[in-house]
2 protein chains.
Amino acid sequence: MNRDAPPPTRPTIADVARAAGVHASTVSRAMDPAARHRISDAVALRVTEAAAALGYRPSALAAGLRSGRSRTVGVLVPDLTNPVFPPIVEAIEQSLAARGYVTLLANTAGDVERERLIVERMAAQGADGLILASAARGGPAVALAARLGLPLVLVNRRLPPGEDGSAISFGSDDAAGLRAAVAHLVALGHRRIAHLGGPAGTATAADRLQGFREGLAAAGLVLDAAPLAQASAYSRAAGRVAMQALLATGGFTAITTANDLLAMGAYDALEEAGIAVPGGMSVTGFNDMPLMDRVAPPLTTVRIQHATMGRLAAEALLGRLCGTEEPAESVRLVPQLVVRASTAAYASP
Amino acid sequence: MNRDAPPPTRPTIADVARAAGVHASTVSRAMDPAARHRISDAVALRVTEAAAALGYRPSALAAGLRSGRSRTVGVLVPDLTNPVFPPIVEAIEQSLAARGYVTLLANTAGDVERERLIVERMAAQGADGLILASAARGGPAVALAARLGLPLVLVNRRLPPGEDGSAISFGSDDAAGLRAAVAHLVALGHRRIAHLGGPAGTATAADRLQGFREGLAAAGLVLDAAPLAQASAYSRAAGRVAMQALLATGGFTAITTANDLLAMGAYDALEEAGIAVPGGMSVTGFNDMPLMDRVAPPLTTVRIQHATMGRLAAEALLGRLCGTEEPAESVRLVPQLVVRASTAAYASP
DNA sequence: CTGCCGTGTGCAATCGGTTGCATTTTTTGC
DNA sequence: GCAAAAAATGCAACCGATTGCACACGGCAG
């Protein structure tokens with residue numbers, strides 16, 4: 001072990017080749033599992049040992065430059081502080097790392113221009129593919145990635161019907177989740193149900209609103225009477241503002257929200273208005289983020305499989321990159337209604 | 001599926017050079033703000049226009065290979081689903097992106113072997129530097145990064161006294177936070193105070209325990225009598241287990257925890273034991289993660305400046321990478337006690 | 001008018017691997 | 001035992017940028 005390492009320069013393939021007494025190309029093949037069989041066992045062993053002795057790590061930059069595959073995947077998230085995304089990103093990173101891929105993370109912050117910049121930057125970085133987590137529907141990422149020839153997979157978001165059909169998606173059946181929430185409220189006796197929707201332009205908001213409508217229709221309730229609001233973002237603050245607007249008109253005894261954070265904002269507004277949950281108002285959320293069982297009152301919400309979505313998305317992309325596996329299909333996981341204490345039977349005034 | 005995407009090949013510097021009627025090296029200089037002044041304005045303009053017309057994006061791989069600077073920074077996190085980290089990571093990513101750097105994210109999952117693997121992989125990726133978020137004290141990352149010549153910055157973690165002195169850190173004054181929590185409980189009349197500590201081997205756990213001790217000492221309370229527990233991880237489940245153990249012996253009316261998640265676990269155990277908070281037990285947390293004001297009861301906790309820590313760490317690393325700015329100093333931000341409803345005056349039985 | 005200097009560009013080496021092809025060695029078939 | 005096929009390895013050209021150095025040109029001082 002050389003303790004006085006003046007040159008922090010890592011050993012190169014040439015060093016290993018010299019140490020093993022072979023040509024650099026032989027080292028390259030010996031290290032590559034796919035080309036390993038083209039080398040005799042004896043030489044491969046000698047190379048492996050020399051590499052280990054020198055602590056050789058091939059430069060991903062050089063390899064990527066020549067081979068065109070950088071073993072790098074870009075992950076785009078609108079807002080990492082939204083608790084929906086960390087489990088997804090973690091599952092993606094874990095799945096990618098298991099196959100030797102590195103994760104490039106970027107926040108789009110919902111900004112279209114920033115989204116474009118990030119996709120271009122990832123392409124410049126030589127990313128082999130992109131995983132797009134729930135971006136705004138109108139975002140340029142999907143089209144841009146297609147133009148740049150970057151394989152792309154969507155997660156936590158349905159494939160938009162109109163857009164490029166080459167992208168596959170891994171999400172939840174959001175409409176089914178909302179239908180279940182509405183059915184639950186109806187079963188509790190509620191007839192005048194409102195919906196606090198997600199921000200315009202997001203696929204999730206549209207799907208959940210659609211599910212809400214279907215739920216009402218299935219129960220034979222009139223759609224037109226249902227109070228609707230649209231939050232400006234998937235955030236607690238936006239949920240509070242939207243709920244305040246809804247309360248100003250009133251006329252409902254229960255509300256479904258498009259997202260747990262929005263539900264928390266609704267809690268805030270209800271508290272300010274002096275309305276008890278669930279006594280004066282039943283509330284449902286969506287996502288079942290951590291701690292939703294510990295808030296006051298524990299939130300009835302729709303649980304989705306974040307980690308599974310992330311894992312499937314990563315594996316699908318990897319399969320597409322390797323090209324060995326048959327192309328994966330889009331998947332819509334089934335969400336599950338989790339009943340807690342924020343919903344209660346309708347009490348006639 | 002459009003398989004007839006003819007040239008998914010991005011334009012290279014040679015294409016731009018040809019289009020502008022200059023040599024590739026001239027293009028390189030014209031695109032580099034630092035070398036821009038060595039080129040005549042007329043040529044620079046021609047190059048810029050040609051580049052824009054072709055939609056040229058320099059390959060970061062090639063540039064990195066030659067220049068040794070990849071404009072890439074690795075961020076290591078133990079567990080992204082711990083709500084402490086997303087705000088930190090987001091702030092880091094934002095600061096890096098603003099200066100044209102790309103973020104490589106990896107989860108160490110607290111695993112030492114995985115940590116080593118990740119650092120090596122990031123080095124192989126040509127990362128220019130590393131930001132290490134609160135890793136276990138004994139982890140190999142700091143030493144390994146030093147050996148590989150990778151600049152490293154710590155965030156949410158104090159510089160370990162014994163270890164390599166070249167790393168700078170951006171964290172909170174954890175001990176001060178715990179001292180404040182203890183002082184608050186003492187002011188409420190509590191005399192028998194317990195501490196639910198973080199996992200062994202983490203710097204944060206040690207600092208917070210130390211602050212707890214200092215707080216007791218400052219109030220003139222006996223250290224030996226204080227019940228102590230150590231959670232096996234910073235998680236709600238581990239907090240619950242540790243709290244159950246503490247309750248088995250009892251003898252305290254208030255407890256400080258090393259982390260909000262641990263406090264949530266403590267809530268769970270207390271609920272199971274039929275002990276009311278704060279009626280039967282006062283509880284404090286640490287971090288003030290989102291929603292701590294909405295849990296039941298709202299948690300008295302120590303707020304730290306996650307985003308600021310992340311931003312400072314990123315900027316310090318960038319400053320070190322550019323070498324232009326004077327080397328940054330380690331910073332310990334001052335935490336703030338946020339009093340809510342999980343603590344109440346001691347009621348003699 | 002010469003020589004020197006500064007400025008703006010071009011030239012070509014280089015970063016560290018990968019890979020098609022050539023060449024050598026070994027194995028196989030008859 | 002020899003030719004042909006197969007396996008193992010070497011050779012050298014890349015990938016796409018950066019950068020030290022050389023060179024051409026024009027201006028300026030002596």
Side-chain angles (χ1 to χ4, degrees), chain A residues 7-48 50-51 54-72 100 123-128, chain B residues 7-47 50-51 54-72 100 123-128 149:
Chain A
T9 165
R10 305 213 327 273
T12 75
I13 199 170
D15 298 325
V16 178
R18 205 172 307 118
V22 297
H23 192 267
S25 62
T26 304
V27 175
S28 175
R29 291 193 256 262
M31 308 290 290
D32 176 8
R36 165 68 186 77
H37 66 278
R38 299 168 46 85
I39 298 289
S40 74
D41 289 352
V43 171
L45 183 64
R46 221 163 67 223
V47 168
T48 312
L54 291 170
Y56 169 68
R57 291 275 147 193
S59 156
L61 254 45
L65 175 59
R66 166 65 217 226
S67 68
R69 282 162 276 119
S70 66
R71 299 180 77 76
T72 274
Q125 278 291 332
D128 294 337
Chain B
T9 166
R10 306 213 326 273
T12 74
I13 198 170
D15 299 324
V16 179
R18 204 171 309 119
V22 297
H23 193 268
S25 62
T26 304
V27 175
S28 175
R29 294 189 183 105
M31 308 290 288
D32 176 8
R36 164 69 187 75
H37 67 277
R38 300 167 46 86
I39 298 291
S40 73
D41 288 351
V43 171
L45 183 64
R46 223 165 63 224
V47 169
L54 291 170
Y56 168 67
R57 293 273 146 194
S59 157
L61 254 46
L65 176 59
R66 167 65 219 227
S67 68
R69 282 163 275 119
S70 66
R71 299 181 79 77
T72 273
Q125 278 290 333
D128 293 338

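Numbers restart at 1 for each chain; the letters A, B, ... are given by sequence-line order, proteins then strands. Scope of the values below: all heavy atoms of this structure, side chains included, with no hydrogens, waters or symmetry mates. Because the structure is a prediction, the values reported are computed rather than measured.
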Where the side chain of Ser40(B) is concerned, which of dG8(C), dT18(D), dG16(C) is the nearest nucleotide? dG8(C)
Roughly how far, to the nearest 0.5 Å, is the OG atom of Ser67(B) from the CG atom of Asp128(B)? 8.0 Å
To the nearest Å, give me how far apart NE2 (His37(A)) and P (dA6(D)) are. 14 Å
Roughly how many Å is it from CG in Asp32(B) to C1' in dT19(D), rounded to a whole number? 11 Å
To the nearest 0.5 Å, what is the distance between OG (Ser28(A)) and CD1 (Ile13(A))? 4.5 Å
Quiz item: Ser59(B) side-chain donor-acceptor pair to dC15(D) base, under 3.5 Å: no
For Arg71(A) and dG17(C), give me the distance from atom CZ to atom P, rounded to whole Å. 15 Å
Out of dC11(D), dA12(C), dT9(D), whichever nucleotide has its closest atom nearest the side chain of Thr26(A): dT9(D)
Without decimals, in angstroms, what is the distance between Met31(B) CE and dG16(D) P? 16 Å
Exam field: side chain Arg46(B) to backbone Val22(B), donor-acceptor pair closer than 3.5 Å: no
Applying side chain to side chain contact (heavy atoms under 4.5 Å, CB included), run through Leu54(A) and Arg10(A) and close with a yes or a no. CA-CA 9 Å; Leu54(A) 291 170; Arg10(A) 305 213 327 273; over 6 Å; no
Determine whether a donor-acceptor pair (one donor, one acceptor, N or O, separation below 3.5 Å) exists between the side chain of Arg29(A) and the base of dG10(D). yes
If you count every heavy atom of other residues, nucleotides or ligands that lies below 6.0 Å from Arg57(A) atom CZ, does the total exceed 12? no
Nearest-Å distance, CZ (Arg18(B)) to P (dG16(D))? 12 Å
With respect to the side chain of Leu65(A), which nucleotide from dT18(C), dC15(D), dT19(D) is positioned closest? dC15(D)
Within the 4.0 Å heavy-atom criterion, would you say Val27(A) contacts the bases, only the backbone, or no part of the nucleic acid? nothing
Does a salt bridge link Asp15(A) with Arg18(A), judged by any charged N lying under 4.0 Å from a carboxylate O? yes
Out of dT9(D), dG10(D), dA12(C), minimum distance to the side chain of Ser25(A) belongs to dG10(D)
Winner on side-chain proximity to Ser67(B), out of dC15(C), dT18(D), dG17(C), is dT18(D)
Picking from dT9(C), dC11(D), dT9(D), the nucleotide nearest the side-chain atoms of His23(A) would be dC11(D)
Any side-chain N or O of Arg69(A) less than 4.0 Å from the OP1 or OP2 oxygen of dT19(C)? yes
Residue-phosphate contact under 4.0 Å: Ser28(A) side-chain N/O, dT18(C) OP1/OP2: yes
How many whole angstroms separate atom CZ of Arg38(A) from atom P of dT24(C)? 17 Å
Here the distance between atom C1' of dT9(D) and atom CG of Asp41(A), to the nearest Å, is 15 Å
Can you tell me how far P of dG10(C) sits from CD1 of Ile13(B), to the nearest Å? 12 Å
Distance test, side-chain N/O of Tyr56(B) to OP1/OP2 of dG16(D), below 4.0 Å: no
Let me know, please, whether Val22(B) or Arg66(B) comes out on the 5' side of the other along DNA chain C by nearest nucleotide. Val22(B)
